[in-house]
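Notes follow once the structure below has been shown.
Indexing begins at 1, ligand by ligand and atom by atom, following the structure's order. Reckoned from all heavy atoms, side chains included, excluding hydrogens, waters and symmetry mates. Only a predicted model underlies this, so the values are computations on that prediction, with no experimental measurement involved.
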Amino acid sequence: MTGPALDIRDLTVTYGDVVALDGCTLSVAPGRVTGLIGMNGSGKSTLFKAVMGAVRVDSGTVTVAGGSPAAARAAATVGYVPQSEDIDLDFPVSVRDVVGMGRYGHLGFTRRARAEDRVAVDEALARVELTELAERQIGQLSGGQRKRAFVARAIAQDAALLLLDEPFAGVDKRSEATIVRLLRSLADDGRAVLVSTHDLHALPDLADDAALLLHRILFHGSVGDALQPENLVRAFGVDVTGGAP
Ligand SMILES: Nc1ncnc2c1ncn2[C@@H]1O[C@H](COP(=O)(O)OP(=O)(O)OP(=O)(O)O)[C@@H](O)[C@H]1O
Ligand SMILES: [Mg+2]
(Lines give C-alpha, C1' and ligand atoms only; values in the text may rest on other atoms or scores of the structure.)
(Ligands and ions follow the chains in the order given, each with its own letter.)
Protein backbone atom coordinates (compact mmCIF):
# COMPACT_ATOMS: atom_id res chain seq x y z
CA MET A 1 0.00 0.00 0.00
CA THR A 2 1.25 3.47 -0.83
CA GLY A 3 0.07 6.48 1.14
CA PRO A 4 -1.69 6.39 4.47
CA ALA A 5 -3.99 3.52 5.40
CA LEU A 6 -6.29 6.05 7.00
CA ASP A 7 -6.51 9.76 6.33
CA ILE A 8 -8.91 11.94 8.32
CA ARG A 9 -9.12 15.59 7.32
CA ASP A 10 -10.79 18.34 9.27
CA LEU A 11 -13.54 16.02 10.49
CA THR A 12 -16.44 17.41 12.48
CA VAL A 13 -19.13 15.15 13.94
CA THR A 14 -21.96 16.38 16.15
CA TYR A 15 -24.78 14.68 18.00
CA GLY A 16 -27.38 17.42 18.29
CA ASP A 17 -25.72 20.10 20.41
CA VAL A 18 -22.75 17.90 21.37
CA VAL A 19 -19.64 18.44 19.29
CA ALA A 20 -17.81 15.10 19.48
CA LEU A 21 -15.17 15.83 16.84
CA ASP A 22 -14.22 19.36 15.89
CA GLY A 23 -11.81 19.70 12.97
CA CYS A 24 -10.01 16.42 13.63
CA THR A 25 -7.08 15.60 11.33
CA LEU A 26 -5.14 12.33 11.59
CA SER A 27 -3.15 10.20 9.22
CA VAL A 28 -2.26 6.58 10.06
CA ALA A 29 0.59 4.81 8.27
CA PRO A 30 0.79 1.11 7.39
CA GLY A 31 3.23 -1.00 9.37
CA ARG A 32 2.67 0.88 12.61
CA VAL A 33 0.64 0.60 15.77
CA THR A 34 -0.82 3.99 16.62
CA GLY A 35 -2.28 4.57 20.09
CA LEU A 36 -5.32 6.85 20.29
CA ILE A 37 -5.38 8.51 23.68
CA GLY A 38 -7.99 10.79 25.17
CA MET A 39 -10.22 11.24 28.15
CA ASN A 40 -13.79 9.96 28.43
CA GLY A 41 -15.94 11.82 25.94
CA SER A 42 -12.99 13.11 23.90
CA GLY A 43 -14.38 11.50 20.73
CA LYS A 44 -12.37 8.27 20.33
CA SER A 45 -15.33 5.98 19.66
CA THR A 46 -16.89 8.61 17.42
CA LEU A 47 -13.70 8.73 15.37
CA PHE A 48 -13.81 4.93 14.91
CA LYS A 49 -17.50 5.06 14.01
CA ALA A 50 -16.82 7.79 11.45
CA VAL A 51 -14.17 5.59 9.82
CA MET A 52 -16.71 2.74 9.72
CA GLY A 53 -19.28 5.06 8.15
CA ALA A 54 -21.52 4.51 11.18
CA VAL A 55 -22.11 8.16 12.12
CA ARG A 56 -23.18 11.13 10.07
CA VAL A 57 -20.27 13.42 9.30
CA ASP A 58 -20.95 17.16 9.46
CA SER A 59 -17.86 18.18 7.51
CA GLY A 60 -14.42 16.96 6.58
CA THR A 61 -13.30 13.74 4.93
CA VAL A 62 -12.37 10.19 5.86
CA THR A 63 -10.28 8.20 3.37
CA VAL A 64 -9.46 4.53 3.93
CA ALA A 65 -6.72 3.09 1.69
CA GLY A 66 -7.44 5.82 -0.83
CA GLY A 67 -11.21 5.21 -0.95
CA SER A 68 -14.40 5.95 0.92
CA PRO A 69 -15.37 4.24 4.19
CA ALA A 70 -18.23 2.51 2.36
CA ALA A 71 -15.85 1.11 -0.26
CA ALA A 72 -13.45 -0.03 2.47
CA ARG A 73 -16.26 -1.81 4.28
CA ALA A 74 -17.46 -3.50 1.11
CA ALA A 75 -13.92 -4.68 0.34
CA ALA A 76 -13.31 -5.76 3.96
CA THR A 77 -10.28 -3.44 4.02
CA VAL A 78 -11.06 -2.29 7.54
CA GLY A 79 -11.56 -4.45 10.62
CA TYR A 80 -13.19 -3.05 13.74
CA VAL A 81 -13.36 -4.21 17.32
CA PRO A 82 -15.98 -1.95 18.95
CA GLN A 83 -15.77 -0.79 22.55
CA SER A 84 -18.88 -2.76 23.43
CA GLU A 85 -20.41 -5.47 21.35
CA ASP A 86 -24.02 -5.02 20.39
CA ILE A 87 -24.67 -8.71 20.18
CA ASP A 88 -27.29 -10.88 21.71
CA LEU A 89 -25.26 -13.15 23.97
CA ASP A 90 -28.02 -15.76 23.92
CA PHE A 91 -27.74 -15.99 20.16
CA PRO A 92 -26.81 -19.59 19.33
CA VAL A 93 -23.48 -18.99 17.62
CA SER A 94 -20.16 -20.51 18.61
CA VAL A 95 -16.89 -18.67 19.07
CA ARG A 96 -15.81 -20.18 15.75
CA ASP A 97 -18.95 -18.80 14.06
CA VAL A 98 -18.20 -15.29 15.37
CA VAL A 99 -14.62 -15.42 14.12
CA GLY A 100 -15.90 -16.81 10.81
CA MET A 101 -18.01 -13.67 10.36
CA GLY A 102 -14.70 -11.93 9.66
CA ARG A 103 -14.50 -13.96 6.46
CA TYR A 104 -17.84 -12.81 4.97
CA GLY A 105 -16.08 -10.24 2.81
CA HIS A 106 -13.92 -13.00 1.36
CA LEU A 107 -16.58 -15.62 0.66
CA GLY A 108 -17.09 -16.40 -2.97
CA PHE A 109 -20.24 -16.26 -5.00
CA THR A 110 -21.78 -19.21 -3.19
CA ARG A 111 -20.98 -17.64 0.19
CA ARG A 112 -19.77 -21.02 1.32
CA ALA A 113 -16.67 -21.20 3.49
CA ARG A 114 -13.72 -22.56 1.55
CA ALA A 115 -10.64 -24.30 2.91
CA GLU A 116 -8.74 -21.00 3.07
CA ASP A 117 -11.53 -19.45 5.13
CA ARG A 118 -11.37 -22.33 7.60
CA VAL A 119 -7.59 -22.02 7.80
CA ALA A 120 -7.85 -18.27 8.44
CA VAL A 121 -10.38 -18.87 11.23
CA ASP A 122 -8.28 -21.62 12.84
CA GLU A 123 -5.18 -19.41 12.71
CA ALA A 124 -6.97 -16.43 14.22
CA LEU A 125 -8.37 -18.60 17.04
CA ALA A 126 -4.89 -19.93 17.76
CA ARG A 127 -3.38 -16.45 17.79
CA VAL A 128 -5.75 -15.29 20.53
CA GLU A 129 -5.41 -18.64 22.34
CA LEU A 130 -9.07 -19.61 22.00
CA THR A 131 -8.68 -22.85 20.04
CA GLU A 132 -9.85 -24.88 23.02
CA LEU A 133 -13.02 -22.81 23.40
CA ALA A 134 -13.88 -22.59 19.69
CA GLU A 135 -17.09 -24.62 19.91
CA ARG A 136 -18.47 -22.79 22.95
CA GLN A 137 -21.49 -20.56 22.58
CA ILE A 138 -20.28 -16.95 22.49
CA GLY A 139 -22.32 -15.97 25.55
CA GLN A 140 -20.53 -18.59 27.62
CA LEU A 141 -17.16 -16.87 27.50
CA SER A 142 -15.83 -14.48 30.10
CA GLY A 143 -15.70 -10.81 29.14
CA GLY A 144 -11.97 -10.93 28.41
CA GLN A 145 -12.25 -14.13 26.37
CA ARG A 146 -15.08 -12.61 24.39
CA LYS A 147 -12.92 -9.55 23.67
CA ARG A 148 -10.25 -11.88 22.32
CA ALA A 149 -12.87 -13.59 20.13
CA PHE A 150 -13.71 -10.25 18.52
CA VAL A 151 -10.04 -9.46 18.03
CA ALA A 152 -9.77 -12.87 16.30
CA ARG A 153 -12.69 -11.94 14.05
CA ALA A 154 -10.82 -8.80 12.94
CA ILE A 155 -7.64 -10.83 12.37
CA ALA A 156 -9.45 -13.49 10.32
CA GLN A 157 -10.73 -10.71 8.13
CA ASP A 158 -7.18 -10.00 6.98
CA ALA A 159 -7.88 -6.26 6.86
CA ALA A 160 -5.23 -3.69 5.91
CA LEU A 161 -6.50 -1.32 8.62
CA LEU A 162 -7.47 -2.50 12.07
CA LEU A 163 -9.40 -0.34 14.50
CA LEU A 164 -9.62 -1.46 18.12
CA ASP A 165 -11.63 0.61 20.57
CA GLU A 166 -10.29 -0.06 24.08
CA PRO A 167 -9.56 -3.75 23.58
CA PHE A 168 -7.97 -3.96 27.03
CA ALA A 169 -10.99 -2.88 29.05
CA GLY A 170 -11.90 -5.72 31.40
CA VAL A 171 -9.05 -7.86 30.10
CA ASP A 172 -6.42 -9.39 32.40
CA LYS A 173 -2.67 -8.82 32.04
CA ARG A 174 -2.11 -12.09 30.21
CA SER A 175 -4.83 -11.42 27.62
CA GLU A 176 -3.55 -7.88 27.30
CA ALA A 177 -0.03 -9.16 26.60
CA THR A 178 -1.44 -11.59 24.01
CA ILE A 179 -3.30 -8.79 22.24
CA VAL A 180 -0.29 -6.43 22.38
CA ARG A 181 1.93 -9.12 20.80
CA LEU A 182 -0.66 -9.76 18.15
CA LEU A 183 -1.08 -6.12 17.18
CA ARG A 184 2.69 -5.81 16.91
CA SER A 185 2.92 -8.81 14.57
CA LEU A 186 0.01 -7.52 12.48
CA ALA A 187 1.82 -4.19 12.08
CA ASP A 188 5.03 -6.05 11.22
CA ASP A 189 3.02 -7.74 8.44
CA GLY A 190 2.37 -4.26 7.04
CA ARG A 191 -1.06 -3.55 8.45
CA ALA A 192 -2.04 -0.25 10.02
CA VAL A 193 -3.35 -0.58 13.57
CA LEU A 194 -5.19 2.19 15.41
CA VAL A 195 -5.98 1.30 19.01
CA SER A 196 -7.57 3.43 21.70
CA THR A 197 -6.62 2.83 25.31
CA HIS A 198 -6.69 4.47 28.71
CA ASP A 199 -3.66 2.54 29.88
CA LEU A 200 -0.86 5.07 29.49
CA HIS A 201 1.62 2.80 31.23
CA ALA A 202 1.10 0.11 28.59
CA LEU A 203 1.55 2.57 25.74
CA PRO A 204 5.34 2.21 25.24
CA ASP A 205 4.96 -1.57 24.76
CA LEU A 206 1.82 -1.25 22.70
CA ALA A 207 2.39 1.50 20.19
CA ASP A 208 4.96 3.04 17.85
CA ASP A 209 3.17 6.40 17.79
CA ALA A 210 0.52 8.06 19.85
CA ALA A 211 -2.17 10.56 18.93
CA LEU A 212 -3.75 12.66 21.67
CA LEU A 213 -7.41 13.45 21.06
CA LEU A 214 -9.60 16.09 22.63
CA HIS A 215 -12.26 16.53 19.92
CA ARG A 216 -9.31 17.22 17.62
CA ILE A 217 -5.81 15.79 17.48
CA LEU A 218 -3.63 17.82 19.84
CA PHE A 219 -0.46 15.84 19.24
CA HIS A 220 0.67 12.97 17.01
CA GLY A 221 4.20 11.66 17.28
CA SER A 222 6.41 9.37 19.30
CA VAL A 223 5.00 7.70 22.40
CA GLY A 224 7.77 9.24 24.49
CA ASP A 225 6.82 12.74 23.41
CA ALA A 226 3.08 12.06 23.79
CA LEU A 227 3.65 11.05 27.39
CA GLN A 228 5.41 14.29 28.28
CA PRO A 229 3.46 16.02 31.06
CA GLU A 230 2.80 19.16 29.01
CA ASN A 231 1.07 17.08 26.34
CA LEU A 232 -0.92 15.00 28.81
CA VAL A 233 -2.10 18.10 30.64
CA ARG A 234 -3.46 19.45 27.35
CA ALA A 235 -5.29 16.19 26.61
CA PHE A 236 -6.58 15.40 30.09
CA GLY A 237 -6.65 18.83 31.70
CA VAL A 238 -4.77 17.50 34.73
CA ASP A 239 -1.41 15.88 35.38
CA VAL A 240 -2.37 12.21 35.05
CA THR A 241 1.15 10.86 35.25
CA GLY A 242 1.20 10.93 39.03
CA GLY A 243 4.93 11.57 38.78
CA ALA A 244 5.56 8.14 37.20
CA PRO A 245 7.34 6.68 35.34
N1 LIG B 1 -25.19 8.55 20.22
C2 LIG B 1 -24.84 9.68 20.87
N3 LIG B 1 -25.75 10.66 21.09
C4 LIG B 1 -25.40 11.81 21.71
N5 LIG B 1 -24.17 12.09 22.16
C6 LIG B 1 -23.23 11.14 21.98
C7 LIG B 1 -23.52 9.89 21.34
N8 LIG B 1 -22.38 9.16 21.30
C9 LIG B 1 -21.44 9.90 21.90
N10 LIG B 1 -21.94 11.10 22.31
C11 LIG B 1 -21.19 12.20 22.96
O12 LIG B 1 -20.11 12.55 22.11
C13 LIG B 1 -18.93 12.81 22.86
C14 LIG B 1 -17.84 11.86 22.42
O15 LIG B 1 -18.20 10.53 22.75
P16 LIG B 1 -17.31 9.27 22.39
O17 LIG B 1 -18.09 8.07 22.73
O18 LIG B 1 -16.80 9.40 21.01
O19 LIG B 1 -16.08 9.47 23.42
P20 LIG B 1 -14.92 8.47 23.84
O21 LIG B 1 -13.63 9.24 23.71
O22 LIG B 1 -15.02 7.20 23.10
O23 LIG B 1 -15.21 8.23 25.40
P24 LIG B 1 -14.90 6.95 26.36
O25 LIG B 1 -13.46 7.04 26.76
O26 LIG B 1 -15.82 7.17 27.52
O27 LIG B 1 -15.23 5.71 25.59
C28 LIG B 1 -19.35 12.66 24.32
O29 LIG B 1 -19.67 13.93 24.82
C30 LIG B 1 -20.58 11.77 24.26
O31 LIG B 1 -21.44 12.02 25.36
MG1 LIG C 1 -15.30 5.28 23.66
| said: At less than 4.0 angstrom from any non-hydrogen atom of Gln83, what atoms of ligand 1 do you find? | reply: 27 (O)
| task | Using 2.8 Å as the cut-off, note every protein N, O or S atom close to the Mg ion (ligand 2). | result | Ser45 OG, Gln83 OE1
| message | If the contact criterion is a heavy-atom separation under 4.0 Å, does His198 count as touching ligand 1? | response | yes
| said: Within ligand 1, which atoms have a heavy atom of Glu166 less than 4.0 Å away? | reply: 25 (O), 27 (O)
| said: Just so I know, are the side chains of Val193 and Arg32 near enough to count as touching, which here means a heavy-atom distance under 4.5 Å? | reply: no
| Side-chain donor/acceptor of His215 to backbone N/O of Ala20, under 3.5 Å | yes
| query | Are Arg184 and Asp205 ion-paired here, with the side-chain N under 4.0 Å from a carboxylate O? | reply | no
| request: Go through the side-chain N and O atoms of Arg127 and Thr178 and say whether any donor and acceptor fall under 3.5 Å apart. | output: no
| remark: Any heavy atom of Thr46 under 4.0 Å from ligand 1? The part involved is both
| message | Taking 4.0 angstrom as the limit and counting only heavy atoms of Met39, give me the atoms of ligand 1 inside it, by number and element. | response | 21 (O)
| query | Does a side chain donor of either Glu135 or Ser94 reach within less than 3.5 Å of an acceptor in the other side chain? | reply | no
| Which of these passes side-chain contact (heavy atoms from CB on, under 4.5 Å) with Val62: Leu6, Leu47, Asp7, Leu26? | Leu6
| query | Within 4.0 Å of atom 30 (C) of ligand 1 (strictly less), any protein heavy atom? | reply | no
| Exam field: side chain Asp208 to backbone Val33, donor-acceptor pair closer than 3.5 Å | yes
| Taking the non-hydrogen atoms of His215, is any one of them nearer than 4.0 angstrom to ligand 1? | no
| message | Any side-chain to backbone donor/acceptor pair from Asp199 onto His201? Under 3.5 Å, distance only. | response | yes
| task | Among all protein heavy atoms, pick out the one at the shortest distance from atom 25 (O) of ligand 1; state its residue, atom name and that distance to 0.1 Å. | result | Lys44 NZ, 2.7 Å
| Charged N to carboxylate O below 4.0 Å: is that the case for Asp172 and Arg174? | no
| Where the side chain of Arg148 meets the backbone of Glu129, is there a donor-acceptor pair that is under 3.5 Å apart? | yes
| task | Considering heavy atoms of the protein only, find what lies nearest to atom 17 (O) of ligand 1 and give residue, atom and distance to 0.1 Å. | result | Ser45 CB, 3.7 Å
| field | Any side-chain donor near an acceptor of the partner, Asp10 and Thr25, under 3.5 Å | value | no
| query | What do you reckon, does Ser42 put a non-hydrogen atom under 4.0 Å from ligand 1? | reply | yes
| What atoms in ligand 1 come closer than 4.0 Å to a heavy atom of Val18? | 11 (C), 12 (O), 29 (O)
| field | Minimum-distance protein heavy atom relative to atom 4 (C) of ligand 1 | value | Tyr15 CB, 3.3 Å
| query | Salt bridge between Asp122 and Arg96, side-chain N to carboxylate O under 4.0 Å? | reply | yes
| query | For atom 21 (O) of ligand 1, is the nearest protein heavy atom under 4.0 Å away? | reply | yes
| Looking only at N/O atoms, are Lys49 and ligand 1 under 3.5 Å apart anywhere? | no
| said: Please list the nearest protein heavy atom to atom 26 (O) of ligand 1 with its residue and the distance rounded to 0.1 Å. | reply: Asn40 ND2, 3.1 Å
| query | What atoms of ligand 1 come within less than 4.0 Å of a heavy atom belonging to Ala20? | reply | 12 (O), 13 (C), 14 (C)
| query | Charged N to carboxylate O below 4.0 Å: is that the case for Asp97 and Arg136? | reply | no
| field | Nearest-neighbour protein heavy atom for atom 13 (C) of ligand 1, which is reported as residue plus atom name and distance | value | Gly41 O, 3.7 Å
| task | Return yes when atom CD of Glu230 has more than 12 non-hydrogen atoms of other residues, nucleotides or ligands closer than 6.0 Å, and no otherwise. | result | yes
